Amino acid sequence: MSTGERIAEVKMRIARACARVGRDPSGVRLVAVSKYIDAARAREWVEAGLTDLGENRLQVAREKLEALGSGVTWHFIGHLQTNKVKAVIQHFAWLHSLDRPSLVDALARRFAEGPLEGPPLKVLAQVNVAGEEQKSGVAPEEVGDFLDYIQTKNRFSRWIMAGFMTMAPVVNDPEEVRGVFRELRQLRDRFVHHPVWRNRDKLELSMGMSRDFEVAVEEGATIVRLGRILLDNERTGPEAESNGERGVG
Ligand SMILES: *Cc1c(COP(=O)(O)O)cnc(C)c1O
């Protein structure tokens, strides 16, 4: 299968998942996770029609950021160290992984330093729904306090809180993680009136990866983050197997 065919197939599967639950497929944004591939191949993806690319480590992203630059909407999806905040703000349109108060502080500090070019950064609060020790994110029962904390720090001009993100545990049957996606949707519904949001009518749910995106879409994902499924099998080597879960930005 060519890259174009693989993209078409993934989009069709998203559309079918939407149809099963009466959703409009235009409400699901496909973020193609380019962490496994180099700049030349990422360019092929963009030429094949992908508009949004996701990276979980600044180091791995650099070459691609330089080569493809502003022609792409960049999503930072990995654990972000506070000393990399400045660089990430410069290059990325979205941050999916606001996962702890100290990162809130670092963002607030950076934005307080003065105006930056371009549209405001869209930020998602990462929730560790399944409570896995090796994963980042606030616990579901801490979400209210976390949003309150963000609210005290965010000036809302350069930085927009836009919704939630989660990563489901690795399982064989994606049905096993349906409850994780459902819980994130329920958290969104529960906190939809929190003052931290800019656009509460369209709160994002970034959830679903190659192995479970159809279930995530059925449960209301507005953003899916897909990597391996867009690669051809020969190129999915061991490094593709190492998922971003331990990646450090
Ligand atoms: C790598 C990664 C993905 C993509 O995972 P695939 O299984 O390759 O689709 C999605 N989200 C995050 C946070 C990642 O690190």
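Being a predicted model, the structure only gives us computed values, none of them experimental.
In this structure, NE2 on H194 lies 4.0 Å from CG on D148, to the nearest 0.5 angstrom. The line from CD1 of I89 to CZ of F111 is 3.5 Å long, rounded to the nearest 0.5 Å. Note that CZ of R198 and CD1 of I160 are 4.0 Å apart. Values are rounded to the nearest 0.5 Å. Note that CE of M161 is 9.5 Å distant from CG of L203, once rounded to the nearest 0.5 Å. Here the CD-CZ distance, from E218 to F213, works out to 10.5 Å after rounding to the nearest 0.5 Å. Put simply, CG on L147 and CZ on F191 are 6.5 Å apart, with the number rounded to the nearest 0.5 Å.
Within the 3.5 Å criterion, the main-chain N or O of A216 finds no donor-acceptor partner in the side chain of D212. Judged by distance alone, the side chain of R110 and the main-chain N or O of K86 form no donor-acceptor pair under 3.5 Å. Panel note: side chain R6, backbone M1; a donor-acceptor pair is recorded below 3.5 Å. Judged by distance alone, with hydrogens and angles left aside, the side-chain atoms of R41 form no donor-acceptor pair with the main-chain N or O of Y36 at under 3.5 Å. Within the 3.5 Å criterion, the main-chain N or O of L205 finds a donor-acceptor partner in the side chain of T222. Panel note: side chain D99, backbone H79; no donor-acceptor pair is recorded below 3.5 Å.
Each of R29, K122, R225 was compared with D52 under the salt bridge (charged side-chain N to carboxylate O under 4.0 Å, His left out) criterion, and only R29 meets it. Screening K64, H75, E55 against S34 for a side chain to side chain donor-acceptor pair (under 3.5 Å) leaves a single residue, E55. Of the candidates V10, I14, V31, I14 is the only one forming a side-chain contact (heavy atoms from CB on, under 4.5 Å) with V224.
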Steps toward side chain to side chain contact (heavy atoms under 4.5 Å, CB included) verdict (V104, I150): CA-CA 6 Å; V104 176; I150 296 166; 3.8 Å; yes

Walk me through it: do R100 and S136 pass the test side-chain hydrogen bond (donor to acceptor under 3.5 Å, both in side chains)? CA-CA 8 Å; R100 60 196 191 279; S136 308; over 6 Å; no

Apply side chain to side chain contact (heavy atoms under 4.5 Å, CB included) to the pair H96 and I223, showing each step before the final yes or no. CA-CA 10 Å; H96 291 229; I223 303 175; 3.9 Å; yes

Could you check W45 against V72 for side chain to side chain contact (heavy atoms under 4.5 Å, CB included), going step by step and ending with a plain yes or no? CA-CA 11 Å; W45 281 15; V72 168; over 6 Å; no

Step by step, work out the side chain to side chain contact (heavy atoms under 4.5 Å, CB included) result for K35 and R57. CA-CA 8 Å; K35 67 188 182 191; R57 300 180 65 181; over 6 Å; no

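Applying the side chain to side chain donor-acceptor pair (under 3.5 Å) test to T3 and every residue at least two apart in sequence or in another chain returns nothing. Applying the side-chain contact (heavy atoms from CB on, under 4.5 Å) rule to A67 yields the partners A39, R43; only residues at least two apart in sequence or on another chain are considered. Under the side-chain contact (heavy atoms from CB on, under 4.5 Å) criterion, S97 pairs with F76, L95, Q126, not counting sequence neighbours. Among residues two or more places apart in sequence or in another chain, the salt bridge (charged side-chain N to carboxylate O under 4.0 Å, His left out) test is passed with R182 by E219. In terms of the ring-ring contact (aromatic ring centres under 6.0 Å, His included) criterion, residue partners of F164 (sequence neighbours excluded) are, by chain and number, W197.
Nearest heavy-atom pair across G208 and F181 is N-CE2, 3.9 Å. When all heavy atoms are compared, the tightest approach of V28 to A221 is CG2-O, 3.7 Å. The shortest non-hydrogen separation linking F146 to L98 is CE2-O, 3.5 Å. Between L58 and A87 the shortest heavy-atom distance is CD2-CB, 3.5 Å. Closest of all the heavy-atom pairs between L124 and S206 is CD1-CB, 3.5 Å. In terms of heavy-atom proximity, L53 sits nearest to A42 at CD1-CB, 4.3 Å.
Identified under the side chain to side chain donor-acceptor pair (under 3.5 Å) test for residues 160-177, with sequence neighbours left out: E175-R178.
Using a 4.5 Å cut-off between side-chain heavy atoms of Ile, Leu, Val, Met, Phe, Trp and Tyr, with links allowed through other members, V33 and L50 fall into different hydrophobic clusters. Under the 4.5 Å side-chain contact rule for hydrophobic residues, M209 and V60 do not share a cluster. In the hydrophobic cluster analysis, where Ile, Leu, Val, Met, Phe, Trp and Tyr join through side-chain heavy atoms closer than 4.5 angstrom, L107 is grouped apart from I77. The hydrophobic clustering, which links ILVMFWY residues whose side-chain heavy atoms are closer than 4.5 Å, places M12 and V217 apart. Following chains of ILVMFWY side-chain contacts shorter than 4.5 Å, one can reach L184 starting from V192, so the two form part of one hydrophobic cluster.
For the pair E9/E5, no side-chain contact is recorded, criterion being any heavy-atom separation below 4.5 Å from C-beta on. A 4.5 Å side-chain heavy-atom check between R109 and D105 finds at least one atom pair inside the cut-off.
Heavy-atom contacts from other residues, nucleotides or ligands closer than 6.0 Å to CZ of R190 number 12 or fewer.
For the pair K202 and E204, the salt-bridge criterion is met [side-chain N within less than 4.0 Å of a carboxylate O].
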